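Note sheet for the following structure.
Just so we're clear, the structure is a prediction, and the values are computed from it rather than from any experiment.
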Amino acid sequence: MIIDQRLPTVLRVVLCTLVLLLLATSCSRSEMTDPETLEASELAAIAGVVEASLGVSTSTQPADAMLRLADFQAYAALWSGGRSLARAWGGSLDEALEAASSAVEDGPAQVEFVEISLAHGFRTLDLESLGSDLTSIHRGVRGLQVAHGDRILRFAPSDMVASNLSFERALSRAARTLELDGQTLIQEAQVATFEAAQVVVDTGEEPALARQLLRGNRLVSMDQVSREGVADLGLGMQHWMLNNLHRDGRMTYMYYPTSGKESDSNNMIRQWMASLCLTRMGLATGDASVLEAAQSNIRYNLAQFYRVEGELGLIEYDGKVKLGAVALAALAILEHPEREQFAEPLTRLIATTDHLWRDDGAFQTFYRPASRSADPNLHNFSPGETLLLWASLLKEAPDADRQRRFMQSFNYYRDWHLANRKPSFIPWHTQAYYLEWQRTGDPRLRDWIFEMNDWLLDMQVYSRQAYDDTEGRFYDPRPENRHFGPPHASSTGVYLEGLIDAYQLAMAEGDDHRAAAYARSMELGLRSAMQLQFRDDETGWFVRDRARTVGGLRTTVYNNVIRVDNVQHTLMAVMKIQDHLARAGESPLLSGDPAGR
């Protein structure tokens, strides 16, 4: 968390202290209050009040439906084209809407969506309770209020999600707005949280349609995790990939839906995974234009990042050459039908992976700077990515020496993982070993795949943290496992990539119990992915450019940033799942039969 350096020193120190409290207690469970559920009549009444405030209708809403709505402090924001036209708080919904509507310069006719939060359950916090009440898991569900004297500043939970505003940044913004120094913030200001019923009204419907949301999104149920639902998930992600591939072949790395801007950061491993994904999209759909797009992307990446050094081919960015980037670039070229056009880079890239292999089976994970290879965490990623390349090479052209080195690495990293267990190791090695098992039937590969993925399933046991929209993600919030990393869409996606291979292995071995466990885990993970996807409906009221957003996957339920590997990993998993289902006929995966799971 970066504290705004423009703040006074004392206030920065105070806010840093608050951040440390948040981190120290991020897994504690404060008192939960379920989001207020509105009746259908109340939602209809809200839509009617909105229409009246916009001058669309003069109908009177039923008194019984309006009675309970009068109990809420209300927030209303008017949106058009992903931009907030006006926003206001009021003592009632009518008051908030009137204040917001009167602030729209060109009149309310241009309003597309109205975002509403009906606040309740205000609870003043002391310094000790900040750590449990203002953690990220509550972002987008709980709002924040900071009061000093007769001045009150509130942050609606739906608006915090729309603007990607963390509690820490909200406190920083409140301090600036209320002109408080650090000492006054601690001694005099009152910080409170509140719950809120969140509603978005689509004024383009006739009559206007009000829907209750959670964190600005609709909750995806397990009933929606069907073959049809997963197909829709995949199609949306395909559209996102193609809509974010630029004419010169460049792929968007990270996109901010709220501002409509891209990040200027980049990552070669994720870029080349996207290249591989585009090729697999083209092969899966049989669409020549997608394969041409993948070829354009490969050509762009080679022009920008490929370097030759002696007999070696390098993928270099920001002065770094990572083993994983080299291996995935080679794999992306290897799988493309027109790979002969890139024969020279492919040969040199493969040579680099060979060059970075060591006799004990370990890999040097950085070619440049070599000193970075000392970081043990890097062995959770690049070696598995490289072994997947090697397994693909062995499938095409068996080679006794490469097979010997492959199994030497298998032995080395099996022991290494048992001594340094992290979930991120598992999906890449699962994919590599499953591909080689298909070729050789080696029982050592089979048994290790099962051992790894059986252990991985524990990651989902605690996935539902406080609210139903978190269910299915691969994340263990317990303090002893915090080193496993934060929740992330890309993590869930890559675990799904490995699990579908483990599942197919269990099916091939007739291990029905294990296959059912893997199937259930994948269904939960797919539910999480569906929850994170932007759809072309009212859940994107704050989106600047829908063409570049729809189909993409948020990073978490409370962070709407789209990174390319959020989409790429999940899409490659979905394509593998669909391919299996097309070939397998009957399968417990996505069968719609809970008893079969």
- Message: Can you tell whether the side chains of Arg250 and Glu262 come within less than 4.0 Å, N to carboxylate O?
- Response: yes
- Query: Between Thr492 and Phe474, is there a donor-acceptor pair closer than 3.5 Å when you use the side chain of the first and the backbone of the second?
  - Reply: yes
- Message: To the nearest 0.5 Å, what is the distance between OH on Tyr495 and OH on Tyr475?
- Response: 12.0 Å
- Message: Can you confirm whether Asp318 is buried at CG, in the sense that more than 12 heavy atoms of other residues, nucleotides or ligands lie under 6.0 Å from that atom?
- Response: yes
- What closest approach, in Å, do Lys261 and Tyr255 show between heavy atoms, and which atom pair accounts for it? O-CD1, 3.6 Å
- Item | Donor-acceptor contact present, side-chain Asp469 to main-chain Leu219, <3.5 Å | no
- Query: Is there a side-chain hydrogen bond (donor to acceptor under 3.5 Å, both in side chains) between Gln198 and Ser117 once you walk through the steps?
  - Reply: CA-CA 5 Å; Gln198 302 170 33; Ser117 282; 5.7 Å; no
- Query: Which value, rounded to the nearest 0.5 Å, describes the distance between Thr177 atom OG1 and Arg151 atom CZ?
  - Reply: 8.0 Å
- Query: Which pair of heavy atoms, one from Asp159 and one from Glu115, lies closest together, and at what distance?
  - Reply: N-OE2, 3.0 Å
- What's the verdict on side-chain contact (heavy atoms from CB on, under 4.5 Å) for Thr470 and Arg215, showing C-alpha distance, side-chain angles and the deciding distance? CA-CA 11 Å; Thr470 64; Arg215 264 192 264 258; 4.0 Å; yes
- Query: Around Tyr462, counting heavy atoms of other residues, nucleotides and ligands shown, do more than 12 lie under 6.0 Å from its OH?
  - Reply: no
- Message: Using a 6.0 Å distance limit plus a 45 degree cone around the ring axis, check whether Arg548 lies over the aromatic ring of Trp240.
- Response: no
- More than 12 non-hydrogen atoms from neighbouring residues, nucleotides or ligands closer than 6.0 Å to CD on Gln224, yes or no? yes
- Given side-chain hydrogen bond (donor to acceptor under 3.5 Å, both in side chains), test Thr556 with His488 step by step and report yes or no. CA-CA 6 Å; Thr556 64; His488 204 290; over 6 Å; no
- Please round to the nearest 0.5 Å and tell me the distance separating atom CZ of Phe542 and atom OG of Ser84. 12.5 Å
- Task: Scan for salt bridge (charged side-chain N to carboxylate O under 4.0 Å, His left out) pairs involving residues 251-260, sequence neighbours excluded, and state none if there are none.
- Result: none
- Message: Quick one, Leu213 with Ser158, criterion side-chain contact (heavy atoms from CB on, under 4.5 Å). Give me CA distance, side-chain angles, the key distance, then yes/no.
- Response: CA-CA 9 Å; Leu213 305 177; Ser158 55; over 6 Å; no
- Message: Before we go on, tell me: are the rings of Trp455 and Phe484 under 6.0 Å apart, centre to centre?
- Response: yes
- Task: Could you check Phe366 against Leu378 for side-chain contact (heavy atoms from CB on, under 4.5 Å), going step by step and ending with a plain yes or no?
- Result: CA-CA 9 Å; Phe366 264 75; Leu378 298 174; 3.4 Å; yes
- Item | Non-hydrogen atoms of Arg527 and Val220 that approach each other most closely | NH1-O, 2.8 Å
- Hey, could you give me each pair passing salt bridge (charged side-chain N to carboxylate O under 4.0 Å, His left out) that has a residue in residues 365-374? Not counting sequence neighbours. Glu309-Arg368, Glu316-Arg368
- Message: Do the side chains of Arg482 and Asp476 get close enough for a salt bridge, i.e. N-O under 4.0 angstrom?
- Response: no
- Query: Picking from Ile562, Asn244, Asp264, Asn267, what satisfies side chain to side chain contact (heavy atoms under 4.5 Å, CB included) with Tyr253?
  - Reply: Asn267
- Quick one: pull up CE in Met237 and SG in Cys277 and give me the separation to the nearest 0.5 Å. 8.0 Å
- Item | Smallest separation among heavy atoms of Pro427 and Pro423, with atom names | CD-O, 3.4 Å
- Task: Decide side-chain hydrogen bond (donor to acceptor under 3.5 Å, both in side chains) for Gln460 and Ser521; before the verdict, give the C-alpha distance in whole Å, the side-chain angles of both, and the deciding distance to 0.1 Å.
- Result: CA-CA 8 Å; Gln460 279 184 312; Ser521 178; 2.5 Å; yes
- Task: Using only heavy-atom distances, determine whether the side chains of Asn566 and Thr555 contain a donor-acceptor pair under 3.5 Å.
- Result: yes
- Taking atom CH2 of Trp272 and atom CG of Asn301, what is their separation to the nearest 0.5 Å? 4.5 Å
- Message: Apply side-chain contact (heavy atoms from CB on, under 4.5 Å) to residues Phe534 and Arg546 and explain how you reach the verdict.
- Response: CA-CA 9 Å; Phe534 280 99; Arg546 294 194 180 187; over 6 Å; no
- Interatomic spacing from CZ in Arg142 to CG in Leu144 - rounded to 0.5 Å: 11.5 Å
- Is the distance between the ring centroids of Tyr467 and His138 under 6.0 Å? yes
- What heavy-atom pair brings Gln531 and Asn217 nearest, and what distance separates the two atoms? O-ND2, 2.7 Å
- Note on the structure: Taking every heavy atom of Leu553 against every heavy atom of Val567, the minimum-distance pair comes out as N-CG2, 3.8 Å
